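Here is the structure we will look at, set down as structure tokens.
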Amino acid sequence: MPKRVQVIGAHSADFVWRAGGAVAKAVALGGEAEVIALSYGERGESGELWKAPDQTVENVKRLRHAEAAAAAEHLGASFRCLDFGDYPLQIDGDRLLEIAEAIRAFGPDVLITHTDTDPFNPDHPVAYAAVDRARSLAAGAGVPSAFGTVKPPQLFLFEPHQPELCNFTPTVHVDITSVWDQKVAAMGEMQAQRYLQAYYAQRGEQRGNHARRASGRSEVRYGESFMRVLPQVVEELS
């Protein structure tokens, strides 16, 4: 069954490195995908852009938006940024409700965000806490409420840069072999952080290897890994 997949990241490039393949795969299977960035990463994650003389925050935001929109297009997803600012990303009550409304409006089957811990990026855990709480608000605990609710989406955490330090244990490997070229093209749009392209290309090969070993499917060449937060409800074990 086609899935509605929503990715909410702290910064405009987070979705590309960590969930670009899963997004493209969902769309290729007939689903729909939306990417939301809580910020452009204009202060802490745009090092290449700040090398330009007389650079400004507004110009960095403009360039980052163009990069992310082009990357999302390669994957078949829509992109928008809530522009909450980064380093630090701060989520107050109004911003929390804005995230909840975004989830409610899209009604995802699958929601993807950061892990709850990241010792090297102060914005990522803030994004996790906000998205996790907003998901609960949007779903209303799955019962009728005084406000509109959506079916509780399955919550997945994408792989952080250093998983062993971020409370991340992969529970799902996604075979992204058939959409790997789309992910590579999307990563290529992220010139503000082009130093990450080789790292995540290598990671795709490593996780493809892990997926082959776990499944016995020799045709799997590239993968992405995720951690499921909520129990999966099934008719039988398989």
Side-chain angles (χ1 to χ4, degrees), residues 6-20 23 33-75 77-103 105-106 111-134 157-162 165-166 183-201 203:
Q6 187 177 49
V7 185
I8 303 181
H11 313 106
S12 58
D14 290 330
F15 77 98
V16 176
W17 317 120
R18 302 173 176 98
V23 167
E34 178 183 63
V35 174
I36 295 177
L38 302 182
S39 80
Y40 286 112
E42 65 273 10
R43 289 164 52 87
E45 303 215 338
S46 302
E48 294 299 315
L49 300 180
W50 284 106
K51 293 178 181 179
D54 302 318
Q55 187 62 276
T56 66
V57 167
E58 289 308 314
N59 190 53
V60 170
K61 287 183 180 181
R62 179 183 64 80
L63 293 171
R64 292 282 280 182
H65 185 94
E67 288 181 357
E73 186 174 355
H74 283 297
L75 306 175
S78 63
F79 170 81
R80 63 189 175 108
C81 181
L82 300 184
D83 199 9
F84 290 164
D86 72 318
Y87 284 78
L89 172 66
Q90 300 191 79
I91 308 295
D92 60 15
D94 289 341
R95 288 179 172 181
L96 177 65
L97 292 177
E98 192 171 344
I99 299 168
E101 181 53 38
I103 296 171
F106 186 73
L111 179 61
I112 307 172
T113 192
H114 296 272
T115 51
D116 65 358
T117 301
D118 191 328
F120 297 112
N121 194 304
D123 291 345
H124 291 174
V126 173
Y128 163 81
V131 173
D132 182 47
R133 189 175 181 193
L157 311 183
F158 47 48
E159 183 168 6
H161 193 75
Q162 293 186 253
L165 300 178
C166 298
K183 178 166 182 174
V184 170
M187 291 193 297
E189 299 288 352
M190 295 301 177
Q191 293 302 302
Q193 291 178 285
R194 59 177 177 265
Y195 55 88
L196 290 176
Q197 293 173 18
Y199 176 90
Y200 280 100
R203 200 61 175 156

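None of the values given here were measured: they were computed from a predicted structure.
For Asp83, the salt bridge (Lys or Arg N to Asp or Glu O under 4.0 Å) criterion is met by Lys61, not counting sequence neighbours. Applying the salt bridge (Lys or Arg N to Asp or Glu O under 4.0 Å) rule to Glu101 yields the partners Arg104; only residues at least two apart in sequence or on another chain are considered.
Tyr128 is not listed as a side-chain neighbour of Asp118, based on a closest heavy-atom distance of 4.5 Å or more.
Taking CG from Leu157 and OG1 from Thr113, the interatomic distance works out to 7.5 Å, rounded to the nearest 0.5 Å. A distance of 5.5 Å separates CZ of Phe79 from OG of Ser12, quoted to the nearest 0.5 Å. Atoms CG and CG, from Leu97 and Asp92 in turn, are 9.0 Å apart once rounded to the nearest 0.5 Å. For the atom pair CG (Leu63) and CD (Gln55), the distance works out to 6.0 Å, reported to the nearest 0.5 Å. A distance of 9.0 Å separates CD in Glu98 from CD1 in Ile36, rounded to the nearest 0.5 Å.
Only one option out of His161, Met187, Lys183 pairs with Trp17 in a side chain to side chain contact (heavy atoms under 4.5 Å, CB included); it is Met187.
In this structure, the side chain of Gln191 engages the main chain of Gly188 through a donor-acceptor pair within 3.5 Å. Side-chain atoms of Gln193 never come within 3.5 Å of backbone atoms of Ala13 as a donor-acceptor pair (strictly under, hydrogens ignored). A donor-acceptor pair under 3.5 Å is formed between the side chain of Arg95 and the backbone N or O of Gln90.
Ring-centre distance between His11 and Tyr40: not below the 6.0 Å cut-off.
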